[in-house]
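Notes follow once the structure below has been shown.
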Amino acid sequence: MNKQRKLIIAGNWKMNKTVAEALDLVNGLKRELANIKEVDIVVCPPFTALPAVSQSILDSNIRLGAQNMSEHNVGAYTGEIAAAMLKEFSVRYVVLGHSERRQYQLESDALIAKKALAAHTASLKPIVCVGETLAEREAGSTEAVVARQVKGSLAGLSKDQMEETIVAYEPVWAIGTGKTATTEQAQEVHAFIRKMLTELFDEAIAKRVRIQYGGSVKPANARELMAQPDVDGALVGGASLEVRSFSDIVKNSI
Ligand code: PEP
């Protein structure tokens, strides 16, 4: 449905990689992926590695993302990082509402919506994550959960902002578990999300928004997942921590 836009393949490094390790990884990716034009490639290192990685990818086709940010612009929020601070290092994307943050930091849809608005105000593209747990899937409430998260986490965005927002469908039961959603399961939820975007915004916007799949994406399953009509990219965790596996995912997605 949306293949006139390039796929976006983003690596979420989570709380992994010192600065030296991050540089090793990104230098390897630069070598492996130098000629790739068909895919937007994004790496999301931990905050501490953003300055060094930012410098290292200046002359490359790799773009920079962060894994989180504050909903506030400035002030007495100890330990937080504002959008403007990310912009200093040429960060273009920010992952918001990852299931690990929903689970461990108790992030709510309302908070994620505030962060998404703050990201847009700073011209950062949010990658807003949604997805059901195993218990929710088994209870038959996948669509209800995803609908609540999509509606709540994107609340207050204008049509223009929505167009510059990426949605990542990440079934929680598939993250870091080695279990991948089947292509049918992924396509079904992606199509459902696109239908919701049509209802919440309009059809033209819904067609243009990129909806990524995340959850144990590997070189072996990337091609089949990315071939689904409503899958416009991937958010990759574990397999983005090594040059070979992340490069192969990017190459297999073309
Ligand atoms: C993620 O953390 O967003 C993720 C999808 O992880 P993994 O690829 O390891 O399942």
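For ligands, and for the atoms within them, numbers begin at 1 and follow the listed sequence. All residue numbers in this chain count up from 1 along the given sequence.
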Legend entry - Heavy-atom side-chain contact between Q187 and P229 under 4.5 Å: yes
Inset, instruction - Answer whether the closest heavy-atom distance between the side chains of V26 and Q55 falls below 4.5 Å. - result: no
Inset, instruction - Could you tell me if any non-hydrogen atom of G215 lies under 4.0 Å from any atom of ligand 1? - result: yes
Legend entry - I175-ligand 1 polar pair, N/O distance under 3.5 Å: no
Legend entry - Proximity flag S99 to ligand 1, non-hydrogen atoms under 4.0 Å: no
Inset, instruction - Report yes if some N/O of K14 lies less than 3.5 Å from some N/O of ligand 1; otherwise report no. - result: yes
Inset, instruction - Evaluate whether atom NZ of K251 has more than 12 neighbouring non-hydrogen atoms of other residues, nucleotides or ligands under 6.0 angstrom away. - result: yes
Legend entry - Nearest candidate to atom 1 (C) of ligand 1, where distance is taken over non-hydrogen atoms, out of Q67, K218, H98: H98
Inset, instruction - Give the residue and atom name of whichever protein heavy atom lies nearest to atom 8 (O) of ligand 1, and the separation in Å to one decimal. - result: G237 N, 2.8 Å
Legend entry - Side-chain heavy atoms of I41 within contact of I9, under 4.5 Å: no
Inset, instruction - Measure the shortest side-chain to side-chain distance between K30 and I62 over non-hydrogen atoms and say whether it is less than 4.5 angstrom. - result: yes
Inset, instruction - For the residue pair Y213 and V189, establish whether any side-chain heavy-atom pair is separated by less than 4.5 Å. - result: no
Legend entry - Atoms of ligand 1 close to A174 [distance to a heavy atom under 4.0 angstrom, numbered from 1]: 10 (O)
Inset, instruction - Considering the heavy atoms of G238, write down every atom of ligand 1 situated less than 4.0 Å from one of them. - result: 7 (P), 8 (O), 9 (O)
Inset, instruction - Would you mind listing which atoms of ligand 1 come within a distance below 4.0 Å of any non-hydrogen atom of S216? - result: 7 (P), 8 (O), 10 (O)
Inset, instruction - Would you mind running through ligand 1 and noting each atom that sits below 4.0 Å from a heavy atom of G176? - result: 7 (P), 9 (O), 10 (O)
Legend entry - Nearest protein heavy atom with distance in Å, relative to atom 5 (C) of ligand 1: E170 OE2, 3.1 Å
Inset, instruction - Could you check R194, R210, R208 and say which one makes a side-chain hydrogen bond (donor to acceptor under 3.5 Å, both in side chains) with D232? - result: R194
Legend entry - Atom of S90, atom of L64 and distance for their closest heavy-atom approach: O-CB, 4.0 Å
